[in-house]
Amino acid sequence: MKNKERVAELIERAADLILAGKRVVVFTGAGVSTESGIPDFRSPGGLWTKYNPEDFTFQKFLSSREARIKYWQLFCDPTIASAQPNPAHYAVAELYRLGRLDCVITQNIDGLHQKAGLPDEKALELHGTHAYVKCISCGKRYTREEIVVRLEAGDEAPECDDCHGFLKPASISFGQAMPERETREAEMRSRLCDLFIVIGSTLVVYPAAHMPMYAVQAGAKLVIINLSDTPLDEYAEVVIRAKAGEALTALLEQVKIKMQLSSHGP
Ligand code: NAD
């Protein structure tokens, strides 16, 4: 069987699982946003070929002004700052509008699910967000825009107006604690769902990568849409090796067709 036919068959199976699911959770990684022009970390040409992961630990951020400056450069990187949602983000938001999704758990900090129309409270951002900035000492919040003005005016590593603590984008660095509410809720929703759909993640970054295992251990079915192998492929009912944008567009179409057919009865 040709690859295209095989993918079409797998998409149809995934659409059936979505329609049969009572609580469907989508889990996304950097791969859902590569078609928006944001490179992932681990693919060839990924962000780690431009930035050094060792410069992005929380420890380094606290101890080195140079590391803080690099963090702010990543914050302003135009590939992330000006990215727009792609068909995969729109399809996920549409699945939510159709009443087929419980929530989206994302490792991404780009905010593209919400830009595509997913309600804020339905996006659980496990690694935080670049949508705003926080003082790591007193917690004061700043809008992205007000900090960009300061960075553009030459303040390379901005500090808090109130307490002079270090400001930091509200994303989570390696070695920094995960956001409590989001992590707790993501874990709970992963354990309660009956279908868990991974889109564009290598599933090697923990604790985020525990989520699909929580779902599988609790009896949920697993669908993986990713260009490369993941360690959890063997647990999946359906593994689709295709670009997220194409796969999700086709999947949404199948779901809509099947919903229409079932509303018209036999
Ligand atoms: P990763 O870089 O480890 O893996 C991305 C996966 O997506 C790879 O397996 C790759 O084969 C696949 N992929 C790439 N393009 C794809 C496409 N068009 N369709 C389908 N699959 C595609 O990413 P990760 O698992 O998310 O973990 C890396 C960490 O990097 C996460 O913590 C995340 O927070 C962070 N990150 C976020 C962004 C973002 O916000 N857009 C970008 C880079 C990294």
Side-chain angles (χ1 to χ4, degrees), residues 3 7 10-11 14 26-58 71 74-92 104-116 118 123-132 144 169-179 182-183 186 197-213 223-233 236 238-251:
N3 190 42
V7 168
L10 292 171
I11 281 173
V26 160
F27 175 91
T28 61
V32 78
S33 295
T34 54
E35 291 164 72
S36 293
I38 307 175
D40 60 18
F41 276 161
R42 289 174 181 77
S43 296
L47 280 173
W48 284 155
T49 55
K50 192 166 166 192
Y51 296 96
N52 180 357
E54 284 168 20
D55 291 331
F56 291 90
T57 63
F58 192 48
Y71 211 100
L74 177 65
F75 179 75
C76 291
D77 193 309
T79 54
I80 302 181
S82 59
Q84 294 302 320
N86 68 54
H89 299 105
Y90 286 115
V92 168
V104 175
I105 302 171
T106 187
Q107 300 174 85
N108 296 343
I109 48 84
D110 55 34
L112 292 181
H113 286 297
Q114 297 93 311
K115 260 197 187 171
L118 186 77
L124 298 173
E125 296 172 307
L126 287 182
H127 295 163
T129 174
H130 271 193
Y132 66 94
R144 181 185 171 91
S171 52
I172 305 298
S173 305
F174 297 108
Q176 188 176 6
M178 303 270 286
E182 286 83 351
T183 308
I197 305 175
V198 173
I199 309 169
S201 174
T202 40
L203 298 179
V204 296
V205 177
Y206 287 90
H210 284 309
M211 303 299 162
M213 268 331 271
V223 169
I224 297 180
I225 301 171
N226 200 52
L227 281 178
S228 56
D229 294 350
T230 84
L232 298 193
D233 286 358
V238 177
V239 178
I240 300 173
R241 289 264 167 278
K243 284 190 164 185
E246 288 163 22
L248 266 295
T249 302
L251 183 57

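Remember, it's 1-based here, ligands and their atoms both numbered in the order they're listed.
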Backbone or side-chain N or O of [X] under 3.5 Å from ligand 1 N or O:
{"X": "Lys243", "answer": "no"}
{"X": "Leu227", "answer": "yes"}
{"X": "Val205", "answer": "no"}
{"X": "Ala30", "answer": "yes"}

Side chain or backbone of [X] under 4.0 Å from ligand 1, or both, or neither, by non-hydrogen atoms?
{"X": "Ile38", "answer": "side chain"}
{"X": "His127", "answer": "side chain"}
{"X": "Thr34", "answer": "side chain"}
{"X": "Asn226", "answer": "both"}

Are the side chains of [Y] and [X] in contact, using a 4.5 Å heavy-atom criterion?
{"X": "Arg241", "Y": "Asp229", "result": "yes"}
{"X": "Tyr71", "Y": "Ser171", "result": "yes"}
{"X": "Thr106", "Y": "Leu112", "result": "no"}
{"X": "Val32", "Y": "His89", "result": "yes"}
{"X": "Val92", "Y": "Ile199", "result": "yes"}

My understanding is that we take every heavy atom of each candidate and find the minimum distance to atom 39 (C) of ligand 1. Doing that for Leu126, Ile224, Asp110, which one comes out nearest?
Asp110
With heavy-atom distances below 4.0 Å as the criterion, list the atoms of ligand 1 near [X].
{"X": "Ser228", "result": "8 (C), 9 (O), 10 (C), 11 (O)"}
{"X": "Ser33", "result": "41 (N)"}
{"X": "Gly200", "result": "5 (C), 6 (C), 7 (O), 21 (N)"}

If you take all heavy atoms of Thr202 and Thr230, which pair is closest and at what distance?
O-CB, 3.8 Å
Within-shell test, Pro39 vs ligand 1, heavy atom, strictly < 4.0 Å:
yes
Ligand 1 contacted by Ala242 (non-hydrogen, < 4.0 Å):
yes
Between His127 and Val205, does a side chain to side chain contact (heavy atoms under 4.5 Å, CB included) hold up when you go through it step by step?
CA-CA 11 Å; His127 295 163; Val205 177; 3.9 Å; yes
